[in-house]
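Written out below as structure tokens is the structure these notes cover.
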Amino acid sequence: MVATPEMLARQAVAFASAKLAEREAVFAAGTLAREAGDFAFGKVSHDAIASVISEAQERGELVPRIFRDRRGTEYAGFTTPRAIEIERTMLRIEAAGRNMLQPLASPMGAARTVERAARQSARAGFAWTEDQKRSTADLLVSRDRVIAVQGYAGTAKTTTVLATYACEAERRGLTVTALAPTASAATVLGEALGRRGDTVARHLLTPEARMTGKDAVWIVDEASLLSAHDMARLMAGADKAGARLVLVGDVRQLGSVGAGAAFAQLQQAGMATTRLAEIVRQTNAEAREAVLASIEGHAGKALAALERGGGKVIEAATQDERLRALAREYVAMAPAERARTLVIEPSRDGCDRLTGLIRGQLVGRGELSADAVRFTALEPKGLTRAEAREAASYAVGDVVRFNRDYAGRSVSRGEALRISAVDPERGRIGLEDGRGRPIDWHPRQWGAGTVEVFEPRPMELRTGDRVQLTRNDREQGRVNGLGGTVTGIEPGTASATLKLANGREQRLDLTDARDCHLRHSWVQTVYAAQGQTAERVLIHADSRSTNLVDQKLLYVAVSRARSEAIVVTDDRERLVRAVYERAGEKQTAMTASDVRKTKALGAALG
DNA sequence: TTATTATA
């Protein structure tokens with residue numbers, strides 16, 4: 001069957017809006033038309049696409065909304081009924097759970113618990129801040145089903161507030177579950193609370209999450225990383241299981257990759273929120289001042305504080321000069337100092353270049369072995385669900401893995417398959433298994449919902465190399481984001497041994513796709529760095545990388561450092577303006593007045 | 001225009 005131009009135009013607009021809606025609650029009308037045009041390979045006129053868009057708008061499938069770009073300039077845009085519904089669900093559940101529960105403690109009881117915990121901590125040399133005391137008490141006396149802890153980076157909320165709350169909740173017979181959106185953050189929270197941490201996604205699949213009528217509390221760290229969709233699912237799950245929800249995060253740090261700004265939106269809608277603002281991480285007053293200024297988006301004040309003693313600021317005109325300056329600063333440190341330093345470069349491309357410079361110098365100094373093992377690493381391709389259904393999104397050489405058996409297609413779960421042919425016009429992909437057996441894959445018909453897609457990438461490992469895992473592998477005890485050091489290589493057999501940061505030693509067979517989910521970790525993106533702490537950070541902040549350098553980048557990067565932050569930039573004044581202009585907030589599908597209506601409804605219920 | 005997690 002040959003698609004008519006009209007059918008193709010419809011398909012193109014449906015694809016484009018599905019793809020954009022996964023990542024943004026509101027997208028620009030111009031972007032929608034362009035994505036649709038790209039999908040149709042230029043076989044459909046701009047007018048045909050425009051008329052399909054206006055039909056969709058008349059039918060209510062696209063809802064007009066003002067789109068704001070990163071500088072706040074307004075354009076015509078759209079959201080979808082589904083995005084609105086997701087946000088409404090999330091806000092409704094939170095509002096309906098207000099003032100519904102027996103508190104865990106009376107105000108008196110809470111005060112006693114806090115005093116006891118604070119005294120114990122003071123004996124160990126850590127005095128609690130007033131914020132920590134008040135927040136712990138707020139949680140203990142809360143009658144709300146959902147309560148938030150909004151805490152800036154380095155307020156030590158986990159070891160004080162959450163640890164005390166979890167302990168007290170357990171003492172009163174509640175089951176406490178430690179959760180986070182990412183596997184690495186879940187591990188960190190789990191360790192801090194002395195229990196196993198789990199990802200939100202996994203937890204929602206477990207039987208405990210489906211059990212009802214049980215006294216339970218789910219503590220969710222890094223809640224700002226949850227998209228509206230994930231937040232809605234989490235809340236619906238907690239609601240069903242009758243669990244209390246403690247959402248812990250920071251609206252000023254990085255948000256979700258997926259659409260929405262759920263944690264911030266819930267706070268704005270009046271979710272009970274206890275706040276911690278007093279930062280205790282920085283040992284250096286000027287570094288701390290820089291963090292506080294960066295929270296407000298005042299890069300000028302932040303940079304001035306760094307120059308007064310919190311670190312330094314280096315200006316260099318070209319990218320080449322800046323990356324060289326970063327590499328020079330880093331390599332000049334003693335190895336022990338380097339181990340306590342984070343190097344942050346916002347873009348993937350820049351990360352690669354800077355990694356190359358640093359490794360080159362370390363080889364020259366003999367700190368990385370002269371011998372190397374070369375292999376093909378697998379990098380996640382980051383397709384949206386909509387893209388995963390389209391053959392045009394794939395390339396020959398990519399590796400796919402299905403997380404389910406497809407018996408009729410002789411595909412088994414977890415098997416790595418290489419793409420040998422792509423036919424975008426017919427929507428077909430040729431796959432090969434390990435023995436070269438061909439499989440015909442039609443992603444619009446099956447498998448696109450369970451597929452992981454990876455791109456091949458040449459990589460070399462030397463003894464002494466720092467790497468990080470890029471995929472969870474529970475059977476092998478591998479956690480995405482976990483760091484490690486290469487302790488030995490065998491170029492002859494294409495294998496390497498890795499000492500992981502959790503103390504385990506693993507041998508990698510670099511001819512096996514399963515062992516190739518690796519990346520050098522000398523340099524990290526901000527997303528990877530969020531949640532980590534170091535003595536010192538080196539930050540590349542190019543004012544011209546409009547999509548990456550904003551208030552959130554500066555704040556997350558500077559706040560990682562306990563004592564010193566070094567910022568390398570193209571132009572100080574431009575950087576100050578860029579950070580001031582770009583808050584880095586994601587938009588929501590519901591307008592402020594929609595939220596007020598939902599809030600009024602919640603108030604009427606509560 | 002660019003970062004990226006999770007799951008069956």
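Chain letters run A, B, ... following the sequence lines, proteins first and then strands; every chain starts at 1.
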So [X], base contact, sugar-phosphate only, or nothing? Heavy-atom distance under 4.0 Å.
X: A:Ser256; result: nothing
X: A:Ala528; result: nothing
X: A:Pro380; result: nothing
X: A:Gly481; result: nothing
X: A:Arg413; result: nothing
X: A:Arg471; result: nothing

Nearest-Å distance, [atom1] ([X]) to [atom2] ([N])?
X: A:Tyr555; N: B:dA3; atom1: OH; atom2: P; value: 23 Å
X: A:Leu383; N: B:dT4; atom1: CG; atom2: P; value: 15 Å
X: A:Tyr527; N: B:dT4; atom1: OH; atom2: P; value: 8 Å
X: A:Leu254; N: B:dT4; atom1: CG; atom2: P; value: 10 Å
X: A:Arg401; N: B:dA6; atom1: CZ; atom2: C1'; value: 15 Å
X: A:Asn547; N: B:dT4; atom1: CG; atom2: C1'; value: 14 Å
X: A:Phe402; N: B:dT7; atom1: CZ; atom2: P; value: 18 Å
X: A:Arg519; N: B:dA3; atom1: CZ; atom2: P; value: 10 Å

Which nucleotide in the list [options] gets nearest to the side chain of [X]?
X: A:Thr182; options: B:dA6, B:dA3, B:dT1; value: B:dA6
X: A:Arg202; options: B:dT2, B:dT4, B:dT7; value: B:dT7
X: A:Asn403; options: B:dA8, B:dA6, B:dT4; value: B:dA8
X: A:Val257; options: B:dT1, B:dA8, B:dT4; value: B:dT4
X: A:Thr199; options: B:dT5, B:dT7, B:dA3; value: B:dT7
X: A:Arg34; options: B:dA8, B:dT1, B:dT7; value: B:dT1
X: A:Ala201; options: B:dA8, B:dA6, B:dA3; value: B:dA6

task: In sequence, state the C-alpha distance, the side-chain angles, and the governing distance for A:Ser294 and A:Arg252, and then conclude on side chain to side chain donor-acceptor pair (under 3.5 Å).
output: CA-CA 10 Å; A:Ser294 69; A:Arg252 295 296 173 93; over 6 Å; no
- request: May I ask you to check if A:Arg404 and A:Tyr406 form a cation-pi contact, with NZ or CZ under 6.0 angstrom from the six-membered ring centre and within 45° of the axis?
  value: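 Pair A:Arg404/A:Tyr406 counts as cation-pi.
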query: On DNA chain B, nearest-nucleotide positions of A:Arg385 versus A:Lys381: which is more 5'?
result: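 In this pair, the answer is A:Lys381.
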- prompt: More 5' along DNA chain B: A:Glu24 or A:Gly449, using each one's nearest nucleotide?
  reply: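 Mapping each residue to its closest nucleotide by heavy atoms, the 5'-most match is A:Glu24.
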Identified side chain to side chain donor-acceptor pair (under 3.5 Å) counterpart of A:Arg478 within the set A:Asn472, A:Asn502, A:Asp515: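 Of A:Asn472, A:Asn502, A:Asp515, side chain to side chain donor-acceptor pair (under 3.5 Å) with A:Arg478 is met by A:Asp515 alone.
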message: Against A:Ser543, only a single residue in A:Thr569, A:Asp570, A:Asp571 fulfils side chain to side chain donor-acceptor pair (under 3.5 Å); can you say which?
response: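 Going through A:Thr569, A:Asp570, A:Asp571 one by one, the side chain to side chain donor-acceptor pair (under 3.5 Å) with A:Ser543 is satisfied by A:Asp570 alone.
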message: OP1 or OP2 of B:dT7 versus the side-chain N and O atoms of A:Asn472: is any pair under 4.0 Å?
response: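 The answer is yes; a side-chain N or O of A:Asn472 sits under 4.0 Å from OP1 or OP2.
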query: Quick one: is A:Arg233 getting a side-chain N or O under 4.0 Å of the B:dA6 phosphate, OP1 or OP2?
result: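 Result: no.
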query: What is the ring orientation for A:Trp441 with A:Tyr394, classed by angle as parallel under 30°, tilted 30 to 60°, or perpendicular over 60°?
result: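 A:Trp441 and A:Tyr394: perpendicular rings.
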query: Which class fits the ring pair A:Trp218 and A:His203: parallel under 30°, tilted 30 to 60°, perpendicular over 60°?
result: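 Ring orientation of A:Trp218 relative to A:His203: perpendicular.
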